There are 2 protein chains.
Amino acid sequence: MTVTIKDVAKEAGVSIATVSRIINKQAGYGKMTEQNVLAAIKQLGYTPNALARGLVGRETKTIGVIMPKVSGLFSAKLLEGIDKEARRRGFSVFVSHTQVNEGHALKDLQVFREKQVDGVIYISDELTPPQEDLLMDMKVPVILVATRSLRMNFPYVKVDDEQAMYDGTTYLIDQGHREIAFIGGENNDAIAGGPRDRGFRRAMADATIPVNELLIYYGNYQFESGVDGLHAFLASGDPFTAVATVSDETAIGVLSACWTAGLSVPEDVSVLGYDNTKAAVMAIPPLTTISQPLDAMGGRAVEQLLKLREHEEYDFKQTETPHSLSTTMLHQLKLRETIKRINREV
Amino acid sequence: MTVTIKDVAKEAGVSIATVSRIINKQAGYGKMTEQNVLAAIKQLGYTPNALARGLVGRETKTIGVIMPKVSGLFSAKLLEGIDKEARRRGFSVFVSHTQVNEGHALKDLQVFREKQVDGVIYISDELTPPQEDLLMDMKVPVILVATRSLRMNFPYVKVDDEQAMYDGTTYLIDQGHREIAFIGGENNDAIAGGPRDRGFRRAMADATIPVNELLIYYGNYQFESGVDGLHAFLASGDPFTAVATVSDETAIGVLSACWTAGLSVPEDVSVLGYDNTKAAVMAIPPLTTISQPLDAMGGRAVEQLLKLREHEEYDFKQTETPHSLSTTMLHQLKLRETIKRINREV
DNA sequence: CTGTTAGCGCCTTCAC
DNA sequence: GTGAAGGCGCTAACAG
């Protein structure tokens with residue numbers, strides 16, 4: 001049915017071993033035979049079978065990516081970086097857009113294992129113990145992006161979330177804001193939510209501004225969290241001049257809710273985002289946000305992943321220090337138009 | 001190194017055939033042996049090797065998806081539908097977010113072929129002849145989403161773009177608008193751009209409103225097209241009260257440019273989007289748009305794909321009528337807040 | 001009910 | 001330089 005290496009061999013009048021060598025550009029054959037074989041290949045329309053190749057060769061040139069379906073834009077940007085670098089290196093990418101359900105990620109990892117991916121990139125969610133165990137069991141390189149593992153020492157690629165949030169909040173304070181509301185991450189998770197929460201609080205503390213717990217809301221990084229958060233703040237009756245958030249989408253939710261409530265941004269309330277996805281530039285007004293170099297992070301992730309693979313390092317037992325291949329990328333405050341300076345009368 | 005079916009067989013004291021049967025839930029073995037084998041599997045931590053399986057079984061339980069990196073939100077919604085249905089049926093999804101470059105899609109198809117995907121879903125872009133040829137050559141089922149092939153008879157899943165745009169435009173007209181600008185698709189492509197362009201023009205014609213070519217702009221479905229388009233219209237000096245677009249992102253670009261220009265929506269200008277992605281609800285003001293049931297379309301695509309596979313129909317020569325598995329989904333006008341009624345004085 | 005035996009398409013020693 | 005042969009892990013007929 002389908003044309004195989006054997007057909008090519010016959011057509012070219014050589015053995016399959018020779019064909020294999022030529023396909024894989026290994027040395028050991030004459031210029032002439034090469035011509036013949038190449039001709040036969042073209043003539044027959046031969047395509048190598050990656051399954052057979054992977055079966056014997058023990059590499060599939062495939063890397064698996066697990067990412068929660070948080071924000072389309074967040075994923076897109078990250079994926080872009082991953083995809084580009086993977087492609088450059090001749091790898092394909094299997095993405096599992098883990099849906100709502102928590103169980104899926106584990107199942108997807110299992111599928112990755114069965115499909116023999118050469119490595120996995122795990123994005124932005126907290127790893128559960130079963131996942132960690134499975135990952136260790138798979139004996140493949142693993143890179144975490146925008147997240148960390150508490151129990152294992154998987155190398156990660158991320159920004160310093162606490163510092164980033166600290167810087168963002170400090171900027172707000174420097175602009176004269178004192179009553180600052182904050183919309184945090186899911187259950188204030190230990191991974192991204194926790195550090196950002198701490199960053200916010202530390203900045204407030206350093207400026208000796210007490211934080212008003214009524215102006216703190218924990219959401220899930222989505223648009224809805226932004227609108228719900230703003231409503232909660234409004235309902236509290238306590239005044240605030242700014243709201244800092246943990247994602248652009250959430251910030252846009254705030255923008256939207258403000259608009260609905262007749263509050264104008266930044267005149268009535270300033271808003272700070274996080275991520276610097278395309279949504280930030282599309283927002284009205286354009287969103288001032290803490291920028292994560294998402295595409296670079298994606299590229300870096302595959303780079304480190306392959307490095308890990310070269311070293312055949314598939315063991316990630318917990319240690320004191322972070323894995324040597326871990327990378328902390330630089331965040332940056334991206335000034336746009338949602339934060340206004342407040343002149344306080346003394 | 002890795003544990004195989006053979007190890008399990010030895011551990012359980014049976015033959016590999018029996019193990020295989022049990023794994024695949026085929027009939028023919030005793031309760032007892034099943035217990036033993038299952039125990040051995042668990043004990044050894046055995047996982048089937050999908051490559052070996054695919055090599056012999058001639059199915060990989062994998063479907064390949066090609067989609068241009070147009071809009072993160074557009075893709076996300078569609079992918080959600082695809083992913084969910086595929087998962088439900090035990091399939092994995094390989095997505096190729098075809099980047100900027102046109103050459104990539106063909107290369108990715110080639111990779112799909114080598115990896116022996118069981119079918120491919122091709123989204124939202126015009127197929128090039130080489131792609132069509134390759135697809136035919138691959139002998140796998142193919143479904144087109146939000147696009148069509150001119151030369152081949154691949155079944156598609158889409159909305160009636162012309163009618164949808166006609167309806168949207170007509171709505172604008174019914175609301176009293178006459179000077180309506182239009183931002184179309186890339187080069188006015190034959191696939192989505194063409195029909196939408198025609199739909200717009202037909203609606204105008206039916207209302208006996210001449211279209212002002214200065215108020216027509218062809219972009220690429222992105223945010224930037226919206227801002228550029230609006231600027232072009234403004235520069236023309238000709239008055240307009242509404243702008244119809246071919247994507248939500250473009251519409252949001254218009255919103256943004258209006259905001260910058262000090263025009264308020266919908267008071268000064270009404271705006272119509274297309275797609276009804278999440279961006280539409282996040283927009284300020286929330287965007288009135290033509291809704292494509294993206295998630296349903298995605299689900300439908302895999303459904304039809306697998307149906308094709310059952311029938312072993314891999315031949316898509318051009319015919320008079322569309323393929324019987326083609327589906328036209330219903331579009332719908334999603335009224336929100338970017339279109340205002342105009343009362344014209346007579 | 002269960003084991004034996006062929007391959008699936010390819011790569012990789014090992015001879016020649 | 002090139003060919004023959006032995007698997008990679010698994011499924012699918014055949015035999016029992």
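Letters A, B, ... are given to chains in the order of the sequence lines, protein chains preceding strands, and every chain is numbered from 1. Predicted model only: the values in this text are computed from it and were never measured.
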Between CG on residue A/L55 and CZ on residue A/R53, distance to nearest 0.5 Å: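 If we round to the nearest 0.5 Å, A/L55:CG and A/R53:CZ are 13.0 Å apart.
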Point-to-point distance, once rounded to the nearest 0.5 Å, from CE of A/M329 to CG of A/L294: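 Atom-to-atom, A/M329:CE and A/L294:CG are 9.5 Å apart.
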Nucleotide interval of DNA chain C bounded by contacts with chain B (heavy-atom cut-off, under 4.0 Å):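 It runs C/dC1 to C/dG9.
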Kindly list each side-chain donor-acceptor pair under 3.5 angstrom involving residues 296-308 of chain B, sequence neighbours excluded, with atom names and distances?
unit_1, atom_1, unit_2, atom_2, d
B/Q304, OE1, B/K307, NZ, 3.2
B/Q304, NE2, B/L325, O, 2.7

Sugar-phosphate, base or nothing in reach of A/G28, heavy atoms under 4.0 Å: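 Touches a base.
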Touch class at under 4.0 angstrom, heavy-atom based, for A/S20 against every strand present: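 Base contact.
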Donor-acceptor list for residues 25-37 of chain B side chains, cut-off 3.5 Å, not counting sequence neighbours:
unit_1, atom_1, unit_2, atom_2, d
B/Y29, OH, B/Q26, O, 3.4
B/T33, OG1, B/G30, N, 3.2
B/T33, OG1, B/G30, O, 2.8

What does the list of N/O pairs under 3.5 Å between the protein and nucleotides 3-7 of chain D look like, with a distance for each?
unit_1, atom_1, unit_2, atom_2, d
D/dG3, OP2, A/S15, N, 2.8
D/dG3, OP2, A/S15, OG, 3.2
D/dG3, OP2, A/T18, OG1, 2.8
D/dG3, O6, A/R21, NH2, 2.3

Quick one: list whatever passes salt bridge (charged side-chain N to carboxylate O under 4.0 Å, His left out) with [X], sequence neighbours left out.
{"X": "A/K42", "result": "none"}
{"X": "B/D118", "result": "B/R309"}
{"X": "A/R89", "result": "A/E85"}

With A/S326 via side-chain contact (heavy atoms from CB on, under 4.5 Å) - residues at least two apart: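 Partners of A/S326 by the side-chain contact (heavy atoms from CB on, under 4.5 Å) criterion, ordered by chain and then number, come out as A/P155, A/Y156, A/P322, A/H323.
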Positions of residues 32-46 of chain A (non-hydrogen atom under 4.0 Å from DNA chain C), listed by number: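 Close to the strand are A/Y46.
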In whole angstrom, what separates [X]'s [atom1] from [N]'s [atom2]?
{"X": "A/L51", "N": "D/dT11", "atom1": "CG", "atom2": "C1'", "result": "14 Å"}
{"X": "A/E114", "N": "D/dG9", "atom1": "CD", "atom2": "P", "result": "15 Å"}
{"X": "B/Q116", "N": "D/dC10", "atom1": "CD", "atom2": "C1'", "result": "16 Å"}
{"X": "B/N49", "N": "D/dC10", "atom1": "CG", "atom2": "P", "result": "6 Å"}

B/Q318 side-chain N/O to B/L150 backbone N/O, donor-acceptor pair under 3.5 Å: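 Between the backbone of B/L150 and the side chain of B/Q318 there is a qualifying donor-acceptor contact (under 3.5 Å).
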Axis deviation across the helix from C/dC1-D/dG16 to C/dC16-D/dG1, five-pair ends, to the nearest 10°: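 Both end axes considered, the difference amounts to 40°.
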Pairwise side-chain hydrogen bond (donor to acceptor under 3.5 Å, both in side chains) hits with a residue in residues 43-52 of chain B, at least two apart: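 For residues 43-52 of chain B, and leaving out neighbouring residues, the side-chain hydrogen bond (donor to acceptor under 3.5 Å, both in side chains) pairs sorted by first residue read A/R113-B/T47, B/E11-B/Q43.
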Close side-chain approach of B/M152 to B/D133, heavy-atom, < 4.5 Å: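 Contact flag for B/M152/B/D133 side chains = yes.
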Counterpart residues, ring-ring contact (aromatic ring centres under 6.0 Å, His included), relative to B/F154 (two or more places apart):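 So B/F154 forms a ring-ring contact (aromatic ring centres under 6.0 Å, His included) with B/F316.
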Worked verdict on A/F112 versus A/S96 for side chain to side chain contact (heavy atoms under 4.5 Å, CB included): CA-CA 9 Å; A/F112 283 173; A/S96 143; 4.0 Å; yes
Short side-chain N/O contact from B/Q26 to OP1 or OP2 of D/dA12, under 4.0 Å: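 Answer yes for this pair, as a side-chain N or O of B/Q26 is under 4.0 Å from OP1 or OP2.
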